[in-house]
Visitor: 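Take a look at the following structure, please.
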Amino acid sequence: MNMPFYVSPEQLMKDRADFARKGIARGRSVVVLAYDGGIAFATENPSRALHKISEIYDRIAFAAVGKYNEFENLRVAGVRYADMRGYSYDRSDVTARGLANAYAQTLGTVFITESKPLEVEIVVAEVGAQAADDQIYRLTYDGTVADEHGFVVMGGQAEQLGRRVKEGWRADLSLGEALRLAVAALGSGDGSTPRTIEAAQLEVAVLERDRPRRAFRRLNRQVLADLLAEGGPTPSGEAPADDLPPAGDVAVGAATPGLGTPDTVPPETPAEQPADEPAEDSPTQEKPDEGPDASGATPGADR
């Protein structure tokens with residue numbers, strides 16, 4: 001009779017963890033960071049149909065890295081959990097902390113009991129009425145929950161991208177500054193020459209603090225391109241268009257930088273001289289006699 005092959009629990013858990021980490025490292029990174037008006041999510045994802053960032057409930061969002069079919073099942077389960085809890089009790093009883101605990105139980109159970117762990121890493125975030133009330137939870141393949149503050153990066157090369165975000169992050173970032181920081185971190189890659197990621201290759205969403213109920217909003221390509229270009233240098237060296245005064249505030253006859261309007265008053269000709277009259281004291285023009293001529297008239301005085 002053959003004896004069954006024995007593997008120690010430590011080696012078994014290590015093999016499962018290595019397997020899950022390798023699968024997650026192959027996925028494109030996701031950057032989640034707080035800004036002055038809420039929480040922003042950004043990732044490189046050219047697909048318009050397969051989302052890595054999604055809404056879970058009124059003020060709760062979900063982001064994931066790894067195998068799409070596995071984290072999509074988790075997202076659907078989270079939506080069902082939130083809807084059921086909000087319907088049975090109250091909408092305010094649906095929180096990111098409760099959802100993170102439910103996800104942790106599922107991930108931990110699969111990691112221990114199943115032969116293959118889930119190759120996913122997820123973030124559950126909730127925007128509060130104030131910045132101090134924001135909640136960001138990071139959950140790994142084995143069910144470990146981490147309460148993050150300010151920002152979190154997950155996926156391939158998460159440590160390097162996290163250092164890049166940490167260097168530029170601050171609590172009072174505007175939305176444009178936060179997105180430019182996130183995109184710069186995503187483009188830094190493995191430390192070689194930074195890549196420029198176009199707006200069409202990005203998936204970006206935000207949880208906006210000032211929205212009354214459903215705080216989640218996706219940013220389309222045009223809005224995202226405007227935010228990424230905001231504050232950047234213009235080819236002609238002029239001020240960006242966002243710095244120009246509104247058209248309704250420009251007085252009639254006032255000169256507006258970069259704009260040509262019919263109300264613009266041309267500058268006056270110096271000394272009210274006609275264009276065909278040579279200027280006085282011209283170095284190339286011989287000055288006439290200053291004295292009166294025979295008729296008593298001064299030369300150049302009759303017009």
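In this text the structure is predicted, and so the values were computed from the model without any measurement. The residues of the chain are indexed from 1 along the displayed sequence.
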Visitor: Would you check, one step at a time, whether the test side chain to side chain contact (heavy atoms under 4.5 Å, CB included) holds for Arg85 with Ser88?
Guide: CA-CA 5 Å; Arg85 188 169 184 83; Ser88 302; 5.9 Å; no
Visitor: Check for a donor-acceptor pair, side chain of Lys52 on one end and backbone N or O of Arg28 on the other, with a separation under 3.5 Å.
Guide: yes
Visitor: When you measure from the side chain of Gln105 to the backbone N and O of Ala102, does any donor-acceptor pair fall under 3.5 Å?
Guide: no
Visitor: Going from CG on Leu118 to OG1 on Thr109, what distance comes out if it is rounded to the nearest 0.5 angstrom?
Guide: 10.5 Å
Visitor: Are Tyr81 and Tyr89 connected, step by step, through hydrophobic side chains (Ile, Leu, Val, Met, Phe, Trp, Tyr) whose heavy atoms are closer than 4.5 Å?
Guide: no
Visitor: Taking ring pair (Phe, Tyr, Trp, His ring centres under 6.0 Å) as the test, write out the residues that go with Phe19, two or more places apart.
Guide: none
Visitor: For residues 122-147, pull every pair meeting ring pair (Phe, Tyr, Trp, His ring centres under 6.0 Å), keeping only residues two or more places apart or in separate chains.
Guide: Phe111-Tyr141
Visitor: Is Val79 linked to Tyr68 within one hydrophobic cluster, defined over Ile, Leu, Val, Met, Phe, Trp and Tyr using a side-chain heavy-atom separation of less than 4.5 Å?
Guide: yes
Visitor: Would one find more than 12 heavy atoms of other residues, nucleotides or ligands at under 6.0 Å from atom CZ of Arg80?
Guide: no
Visitor: Among all residues two or more places apart in sequence or in another chain, which pass the salt bridge (charged side-chain N to carboxylate O under 4.0 Å, His left out) test with Asp172?
Guide: Arg170
Visitor: Search all heavy atoms of Leu175 against all heavy atoms of Ala40 and return the closest pair with its distance.
Guide: CD1-CB, 4.4 Å
Visitor: I need the minimum non-hydrogen distance between Ser29 and Gly155, along with the two atoms involved.
Guide: OG-C, 3.8 Å
Visitor: If you draw a 6.0 Å radius around CE in Met13, do more than 12 non-hydrogen atoms from other residues or ligands fall strictly inside?
Guide: yes
Visitor: Is any side-chain heavy atom of Val120 closer than 4.5 Å to one of Ile24?
Guide: no
Visitor: Do Ile39 and Val30 sit in the same hydrophobic cluster, where Ile, Leu, Val, Met, Phe, Trp and Tyr count as joined when their side-chain heavy atoms come under 4.5 Å apart?
Guide: yes
Visitor: Provide the closest heavy-atom pair for Leu50 versus Ser47 in the form atom of the first, atom of the second, distance.
Guide: N-OG, 3.1 Å
Visitor: Tell me whether Arg217 is salt-bridged to Glu208, with the criterion being a basic N under 4.0 Å from an acidic carboxylate O.
Guide: yes
Visitor: Any chance you could lay out the side chain to side chain contact (heavy atoms under 4.5 Å, CB included) test for Val31 and Phe151, step after step, and finish with the verdict?
Guide: CA-CA 7 Å; Val31 178; Phe151 64 90; 5.9 Å; no
Visitor: Nearest 0.5 Å, what's the CG-CZ distance between Leu207 and Arg214?
Guide: 11.5 Å
Visitor: What pair of heavy atoms forms the shortest contact from Arg164 to Ser188, and how long is it?
Guide: CG-OG, 4.4 Å
Visitor: May I ask you to test the Ile136-Asp147 pair for a side-chain heavy-atom distance under 4.5 Å?
Guide: no
Visitor: Check whether Glu203 reaches the backbone of Pro46 with its side chain - one donor and one acceptor, N or O, closer than 3.5 Å.
Guide: no
Visitor: Using modelled atom types and a 3.5 Å cut-off, is there a donor and acceptor pairing between side-chain atoms of Asp90 and backbone atoms of Gly86?
Guide: no
Visitor: Apply side chain to side chain contact (heavy atoms under 4.5 Å, CB included) to residues Val204 and Leu179 and explain how you reach the verdict.
Guide: CA-CA 8 Å; Val204 177; Leu179 293 181; 3.6 Å; yes
Visitor: Return the minimal non-hydrogen interatomic distance between Ala104 and Gly143, and the atom names on each side.
Guide: CB-O, 3.4 Å
Visitor: Will you find, in the side chains of Thr144 and Asp142, an N or O donor that is under 3.5 Å from an N or O acceptor?
Guide: yes
Visitor: Any salt bridge linking Asp18 with Lys22? Criterion: basic side-chain nitrogen under 4.0 Å from a carboxylate oxygen.
Guide: no
Visitor: Taking the side chain as every heavy atom from C-beta outward, state whether Gln135 and Arg59 have any pair of such atoms under 4.5 Å apart.
Guide: no
Visitor: Between Trp169 and Ala34 (side chain of the first, backbone of the second, donor and acceptor by atom type, cut-off under 3.5 Å), is there such a pair?
Guide: yes
Visitor: Are the side chains of Asp36 and Leu173 in touch, meaning some heavy atoms are under 4.5 Å apart?
Guide: no
Visitor: When rounded to the nearest 0.5 angstrom, what distance separates CD in Glu72 from NE2 in His51?
Guide: 9.5 Å
Visitor: Closer than 3.5 angstrom, by distance alone: can the side chain of Arg138 be matched with the main-chain N or O of Ile122 as a donor-acceptor pair?
Guide: no
Visitor: Does Ala63 offer a backbone N or O that forms a donor-acceptor pair with the side chain of Arg75 under 3.5 Å?
Guide: no
Visitor: How far apart are the closest heavy atoms of Leu161 and Ala185, and which atoms are they?
Guide: CG-O, 3.3 Å
Visitor: Would Phe71 and Val65 show up in the same hydrophobic cluster when neighbours are defined by side-chain heavy atoms closer than 4.5 Å?
Guide: no
Visitor: When clusters are formed by joining ILVMFWY residues with side-chain heavy atoms under 4.5 Å apart, either directly or through shared neighbours, do Val153 and Phe62 land in the same one?
Guide: no
Visitor: Are Gln11 and Asp15 close enough that a side-chain donor and a side-chain acceptor fall under 3.5 Å?
Guide: yes
Visitor: I'd like to check Val94 versus Ile60 (side-chain heavy atoms, cut-off strictly below 4.5 Å). Are they in contact?
Guide: yes
Visitor: Nearest 0.5 Å please: distance from the CD1 atom of Ile56 over to the CZ atom of Phe216.
Guide: 9.5 Å
Visitor: Side chain to side chain contact (heavy atoms under 4.5 Å, CB included) for Leu33 and Leu181? Distances and angles first, verdict last.
Guide: CA-CA 10 Å; Leu33 68 167; Leu181 174 61; 4.1 Å; yes
Visitor: For the pair Thr43 (side chain) and Asn45 (backbone), establish whether a donor and an acceptor sit closer than 3.5 Å, ignoring hydrogens and angles.
Guide: no
Visitor: How long is the straight-line distance from CE of Met154 back to CG of Leu139, given to the nearest 0.5 Å?
Guide: 9.5 Å
Visitor: Do Asp134 and Arg209 sit within salt-bridge range, that is, some charged N less than 4.0 Å from a carboxylate O?
Guide: yes
Visitor: If you draw a 6.0 Å radius around CZ in Arg21, do more than 12 non-hydrogen atoms from other residues or ligands fall strictly inside?
Guide: yes
Visitor: Please check this pair: side chain of Glu126 against backbone of Ala96, looking for a donor-acceptor N/O pair closer than 3.5 Å.
Guide: yes
Visitor: Could you state the interatomic distance from CD1 (Ile197) to CG (Leu228), rounded to the nearest 0.5 Å?
Guide: 10.0 Å
Visitor: Counting C-beta onward and ignoring hydrogens, is there a side-chain heavy-atom pair between Leu74 and Tyr103 closer than 4.5 Å?
Guide: yes
Visitor: Determine, for Lys116 against Glu70, whether the closest basic-nitrogen to carboxylate-oxygen distance falls under 4.0 angstrom.
Guide: yes
Visitor: For the backbone of Leu227 and the side chain of Arg180, can you confirm whether one donor and one acceptor N or O come within less than 3.5 Å of each other?
Guide: yes
Visitor: Tell me, do Glu198 and Arg221 make a side-chain contact under 4.5 Å, heavy atoms counted?
Guide: no
